[in-house]
Amino acid sequence: MRSVFLPFAPPTISQEEITEVIDTLSSDWITTGPKVKKFEEMFAQYIGSETALALNSCTAGLHLALIALGIGPGDEVITTPMTFCSTVNVIEQVGAHPVLVDVQPDTLNISPELIEKAVTEKTKCILPVHYAGHPCEMDTIKEIARTKNLYIVEDAAHAFSARYKGQKVGTIGDLTAFSFYVTKNITTAEGGMLTGNPEFIEKARIYSLHGMSKDAWKRYDKGSSWYYEVVYPGFKYNMTDIHASIGLRQLQKIETFQSRRREIAHKYDEAFSEYPYFEIPCRLPNIEHAWHLYVLRLNLETLRIDRDQFIEELKERKIGTSVHFIPIHLHPYYRKKYGYKPEDYPVAYFNFKRIISLPIYPRMSDQDIADVIEAVVDVAEKYKR
Ligand SMILES: Cc1ncc(COP(=O)(O)O)c(C=O)c1O
């Protein structure tokens, strides 16, 4: 057994990020400025998006996306229960009505057939989440959006560098939000990026900084004017140059990071597919998985313990794990407001009880991977039926 606890998802930060942050801190400009601009340009270039807007979170990106598209009271937004709370919180925040539809049993991504059935005259937008980094069925979702005249805002918090039929996530729907939270495929500690239609991005950009017609860097730079006007009642969602410094260096390593994530997923697949206790993550043809999460599903009928006890056993074996996600309809706010019952979304609910997210990150050593496999198999063998 391991002597040292293996954390679930620590960042992979090296000297380059530290040097870049020091460079920024030693300069005359530490908030939104030249490094953010460079990060946006590099990110847009990598994704193949015309433009990109750096923000202080993915949540900010999703919120601004809905605002830029003019979604508000009286509108319905169709999304998934199998997501982080902020995907749905932002729909509530703009005063719209979130309409949850269940997920597909294989990918745990939103079901296009159920989206189609849920569309009403009030529907304005579909908000798919690329769960764990596996892209949703975007062709079908796009077709529904086209025929029903709906917007698509993608939650790509997990899906940086994922591809759908050869196309990078971030270039498919009207707007796409990415996360650089500390556990994500690249990090800025906290941060996010919005890509997509330049007209909406520009509107979101103004909203991201108080709704001012000119940002501070443009006001304080030499040769600029102090004058600005408020054209929208905006927010304070901008990224700082300190955070962008980390992002710039992380972005340069994305291919190496992804290749290690793929390697780890492959090793887990090979090890766990031998046993009846587990269901390994599905991947459909024609996609490139971002492997933000490796979600192992327990076949609970083969075990004498439940998922929570399984996690405790792994903790005792010094393996950190997590659960993605507690489905939205189980949270008190949503349960009370909309009267949801657990069985209203049977696929999400059934799978919630059997999922465990295992450690998967670039700086895991081969020994770390072997330790995770050994611990998971050991718990299952000890408690098999
Ligand atoms: C699916 C999903 N959407 C949105 C978010 C929010 O990201 P952020 O913390 O950057 O706001 C997360 C964060 O974990 C997430 O998992």
Side-chain angles (χ1 to χ4, degrees), residues 8-11 36 39 43 52-67 77-94 98 100-101 103 107-110 125-136 152-162 169-170 173 175-195 204 208 235-240 243-244 246-247 250-251 261 281 289-295 321-331 334 348 351-352 355-357 359-361:
F8 168 63
V36 167
F39 185 39
F43 191 91
L53 169 63
L55 297 161
N56 60 12
S57 72
C58 175
T59 306
L62 293 168
H63 191 190
L64 292 178
L66 297 180
I67 284 175
V77 179
I78 300 175
T79 192
T80 165
M82 208 60 179
T83 188
F84 185 59
C85 57
S86 72
T87 316
V88 189
N89 288 347
V90 295
I91 303 173
E92 291 279 316
Q93 283 299 341
V94 299
L100 304 181
V101 304
V103 291
T107 55
L108 302 184
N109 275 332
I110 192 165
C125 179
I126 307 171
L127 207 172
V129 177
H130 305 293
Y131 177 79
H134 188 304
C136 295
I152 300 176
V153 172
E154 291 166 67
D155 181 335
H158 301 180
F160 177 47
S161 89
V169 168
L175 289 165
T176 304
F178 295 89
S179 174
F180 308 132
Y181 178 63
V182 66
T183 58
K184 297 298 190 284
N185 293 40
I186 64 167
T187 187
T188 58
E190 299 283 356
M193 193 74 82
L194 191 64
T195 62
S208 74
F235 303 93
K236 187 77 199 283
Y237 280 165
N238 53 311
M239 180 182 274
T240 75
H243 294 87
I246 310 173
Q250 290 267 297
L251 189 53
R261 283 180 183 273
H289 203 305
W291 290 116
H292 167 55
L293 300 174
Y294 187 94
V295 180
T321 58
S322 191
V323 173
H324 297 87
F325 293 95
I326 303 168
I328 296 299
H329 69 294
L330 302 184
H331 288 294
Y334 290 99
N351 281 285
F352 161 60
I355 50 180
I356 302 184
S357 302
I360 179 167
Y361 46 92

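When reading the values below, keep in mind they use all heavy atoms of this one structure, side chains included, and skip hydrogens, waters and symmetry mates. Each ligand, and each atom within it, is numbered from 1 in the order the structure gives.
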Could you list which atoms of ligand 1 come closer than 4.0 Å to a heavy atom of [X]?
{"X": "T83", "value": "1 (C)"}
{"X": "T87", "value": "3 (N)"}
{"X": "S57", "value": "10 (O), 11 (O)"}
{"X": "F325", "value": "16 (O)"}
{"X": "S86", "value": "4 (C), 5 (C), 6 (C)"}

Where does the angle between the aromatic ring planes of F325 and F84 fall among parallel (under 30°), tilted (30 to 60°) and perpendicular (over 60°)?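 The arrangement is tilted - the two ring planes meet at 30° to 60°.
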
Would you call the rings of H292 and H158 parallel, tilted or perpendicular, taking 30° and 60° as the class edges?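 Geometry flag for H158 against H292: tilted rings.
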
F235 CZ: over 12 foreign heavy atoms closer than 6.0 Å: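 Yes.
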
Compare every heavy atom of [Y] with every heavy atom of [X], then report the nearest pair and how far apart it is.
{"X": "A290", "Y": "R261", "result": "O-CD, 3.8 Å"}
{"X": "G170", "Y": "F178", "result": "CA-CZ, 3.7 Å"}
{"X": "A348", "Y": "V103", "result": "N-CG2, 4.0 Å"}
{"X": "C58", "Y": "D155", "result": "SG-OD1, 4.0 Å"}

Should the proximity of [X] to ligand 1, defined as any heavy atom under 4.0 Å, be assigned to the side chain, the backbone, both, or neither?
{"X": "H158", "answer": "side chain"}
{"X": "V129", "answer": "side chain"}
{"X": "Y131", "answer": "neither"}
{"X": "C58", "answer": "both"}

Which residue holds the protein heavy atom closest to [atom], what is that atom called, and what is the gap in Å?
{"atom": "atom 12 (C) of ligand 1", "answer": "F84 CD2, 3.6 Å"}
{"atom": "atom 3 (N) of ligand 1", "answer": "D155 OD2, 2.6 Å"}
{"atom": "atom 11 (O) of ligand 1", "answer": "T59 OG1, 2.5 Å"}
{"atom": "atom 10 (O) of ligand 1", "answer": "S179 OG, 2.7 Å"}

Any non-hydrogen atom of G191 lying under 4.0 Å from ligand 1?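 Distance cut 4.0 Å: G191 passes for ligand 1.
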
For ligand 1, is G192 a contact, meaning one of its heavy atoms is under 4.0 Å away?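 G192: no contact with ligand 1 (<4.0 Å).
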
As a quick check of understanding, evaluate side chain to side chain contact (heavy atoms under 4.5 Å, CB included) for L194 and L55, giving each step before the final call. CA-CA 8 Å; L194 191 64; L55 297 161; 4.2 Å; yes

Scan V77, L127, T80 and name whichever one has a side chain to side chain contact (heavy atoms under 4.5 Å, CB included) with T87.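 Only one option passes, and that is L127.
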
Derivation of the side chain to side chain contact (heavy atoms under 4.5 Å, CB included) call for V323 and I355: CA-CA 6 Å; V323 173; I355 50 180; 4.1 Å; yes

What's the verdict on ring-ring contact (aromatic ring centres under 6.0 Å, His included) for F180 and F39, showing C-alpha distance, side-chain angles and the deciding distance? CA-CA 12 Å; F180 308 132; F39 185 39; 5.4 Å; yes

Polar proximity ligand 1 side, K184 side, N/O cut 3.5 Å exclusive: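 Yes, K184 has an N/O under 3.5 Å of an N/O on ligand 1.
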
Distance-only N or O hit between ligand 1 and Y181, under 3.5 Å: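 Min N/O separation from ligand 1 is not below 3.5 Å for Y181.
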
